[in-house]
Number of protein chains: 2
Amino acid sequence: MESSPVLPKQAAQVGLAVDVVAFAMHAGELQVLLVKRGELPHAKVWALPGGFVQSGEELHEAALRELRTETTVTLEPRHLEQFYTFGEIGRDPRGRIVSVAHLAVLPHGAAKVEAGGHTVGAAWHSAHTPPPLAFDHQQILSRAIGRLQLRLEYANLALEFLPETFTLPELQVVYEAIGNRKLDKRNFRKRLLSLGILTPSGERRSGVGRPAQLYRKAKNVRVAAL
Amino acid sequence: MESSPVLPKQAAQVGLAVDVVAFAMHAGELQVLLVKRGELPHAKVWALPGGFVQSGEELHEAALRELRTETTVTLEPRHLEQFYTFGEIGRDPRGRIVSVAHLAVLPHGAAKVEAGGHTVGAAWHSAHTPPPLAFDHQQILSRAIGRLQLRLEYANLALEFLPETFTLPELQVVYEAIGNRKLDKRNFRKRLLSLGILTPSGERRSGVGRPAQLYRKAKNVRVAAL
DNA sequence: ACAAAAGTGTTGTTTCTACACCCATGT
DNA sequence: ACATGGGTGTAGAAACAACACTTTTGT
């Protein structure tokens, strides 16, 4: 399928992997998708979905594949980008394994996850206070949260966490959960509406209280890259 | 020196490389360090310094080594960080080669560069208008400039381009060269001084005109990561 | 009627931008 | 004296932060 690499003299023998930090909003909290490993090393420990890149497979394809086979996520990621490559020598006891870490955003409704592949469990966990993680995955997660917070503020990645139509209070919850802080309702509303990236639609009656206006993303999407 | 990787079933056979985008200021212009390749593919074409990661070598060590052996740079980089990993399948005709690209800042005075290793030339070139580059190095360079512009504004990376003491007009030139736009002298001066990251020292008489105040970086360095 | 959540404006502070002249030195 | 580059202040505009009450619905 491709020519085999002409590796020179003493290039390192490395394994190339991808790991995926998949975020979603559940119960007003920023959550991350974790799998419970079924194999050594770190069997029965929670870890990020991930694995080795296969021949003829692009990096982002490998990330998608791992997400789909290690868990049963029902929806497509709304956003997927590589954000850092972890290659420190001792990071994996099996040898020199370099992992290109990816950040994914899953839309609301991707709640049903099941284990698949070599995993014996899959579940959403609080992103800010996760369980103990295998390998250097805590470090990877922390860096992913940092990147997500950056992206939130200046590319409007928050919309990708919600269904197609949503209310402003729902959007505010996304900002608050990712930023881990409360925001003022009036200022938030002013700022978001003045950006002109939202268009209203019909109304909606939630369980209790006054019904909220529904919005959707405007035509002029601008999810700026880096 | 290390245990050989336990590579599973059909993991891809990949070569792992690093490339270095080394920036410096020369003649009031943002310049990038390029080498003229001595080997196929792309012999006699300008390229970023780079090469394969060796066993037992961390990624950033490999980046430093390539910088030191392919060119004779006299000074240590002031800043070195990985910024993106390029792994597209067709990017290198020799096979599947994944490159972790690094951004380096060399301080003023690193002007003398000579070819070394497998290269037949090494020289500084305009970063905004470089010559034709080998492989996907134009793409790597563009992304590096984008990252540098980001870092400039909110981590004060500009100081790393200058000698230990410098004048405000010199610093402004750095900002203008990286951002590729003119800045207002008064506003620039107000903003920088109000940050409180500069402390004055003695004076200096340049060739002509009124002598400028010299500054150095204050004690509270904050070169925020990511 | 009451509980619950949505919605709405103003004011003061800070930050950003635009803009033109005088100052200190070398020749 | 003059050429060269360094240095300075102000005013309007825009963005941001703090703050409390009214409205609409379901029960």
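Quick caveat, the model's predicted, so the values are computed rather than measured. First the proteins, then the strands, lettered A, B, ... as listed; each starts at 1.
Ring geometry for Tyr84(B) against Phe86(B) counts as perpendicular: the plane angle is over 60°, on a 0 to 90° scale with 30° as the lower cut.
Between Trp124(B) and the options Val32(B), Leu106(B), Leu34(B), a side chain to side chain contact (heavy atoms under 4.5 Å, CB included) holds for only Leu106(B).
Between the side chain of His128(A) and the main chain of Ser126(A), no donor-acceptor pair closer than 3.5 Å is present. In this structure, Arg78(A) contributes its side chain and Phe161(A) its backbone to no donor-acceptor pair below 3.5 Å.
Atom CD of Glu88(A) has 12 or fewer neighbouring heavy atoms from other residues, nucleotides or ligands inside a 6.0 Å radius.
For residues 167-185 of chain A, proximity to DNA chain C is found at Pro169(A), Lys185(A), defined as any non-hydrogen atom under 4.0 angstrom from a strand atom.
Contact of the Gln149(B) side chain with the Ile178(B) side chain is registered, since non-hydrogen atoms from C-beta on lie closer than 4.5 Å. No side-chain heavy atom of Arg37(B) sits under 4.5 Å from any side-chain heavy atom of His118(B). Between Phe166(B) and Leu159(B), the closest side-chain pair of non-hydrogen atoms falls below 4.5 Å. Contact annotation: the side chain of Leu48(A) approaches that of Ile140(A) to within less than 4.5 Å [non-hydrogen atoms, C-beta and beyond].
A salt bridge is absent between Glu70(B) and Lys36(B): the closest approach of a Lys/Arg side-chain nitrogen to an acidic carboxylate oxygen does not fall below 4.0 angstrom. Ion pairing of Glu160(A) with Lys217(A) is present here, as a side-chain N (NZ or NE/NH1/NH2) and a carboxylate O approach within less than 4.0 Å.
To the nearest angstrom, P of dT17(C) lies 14 Å from CZ of Phe188(B). The CG-P distance, from Leu192(B) to dT15(C), rounds to 15 Å in whole Å. Remark: C1' of dT8(C) and CD of Gln213(A) are 14 Å apart, rounded to the nearest angstrom. One interatomic measurement links the two molecules: CZ of Arg186(B) to P of dT17(C), which rounds to 14 Å at whole-angstrom precision. Arg204(A) has its CZ atom 11 Å from the P atom of dG7(C), to the nearest Å.
Proximity of Arg189(B) to the phosphate of dG7(D): a side-chain N or O atom is located under 4.0 Å from OP1 or OP2.
Across the helix from dA1(C)-dT27(D) to dT27(C)-dA1(D), the helix axis at one end is tilted relative to the axis at the other end by 10° (nearest 10 degrees, each axis from five pairs).
Taking only distance into account, the side chain of Lys190(A) meets the base of dT10(C) through a donor-acceptor pair shorter than 3.5 Å.
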Hey, what are the protein-to-nucleotides 23-27 of chain D N/O distances that come in under 3.5 Å?
from, atom 1, to, atom 2, distance (Å)
dT23(D), O2, Arg210(A), NH1, 3.1
dT24(D), O2, Arg210(A), N, 3.3

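Take the nearest nucleotide of DNA chain D for Leu193(B) and for Asn187(A): the residue whose nucleotide is more 5' is Leu193(B).
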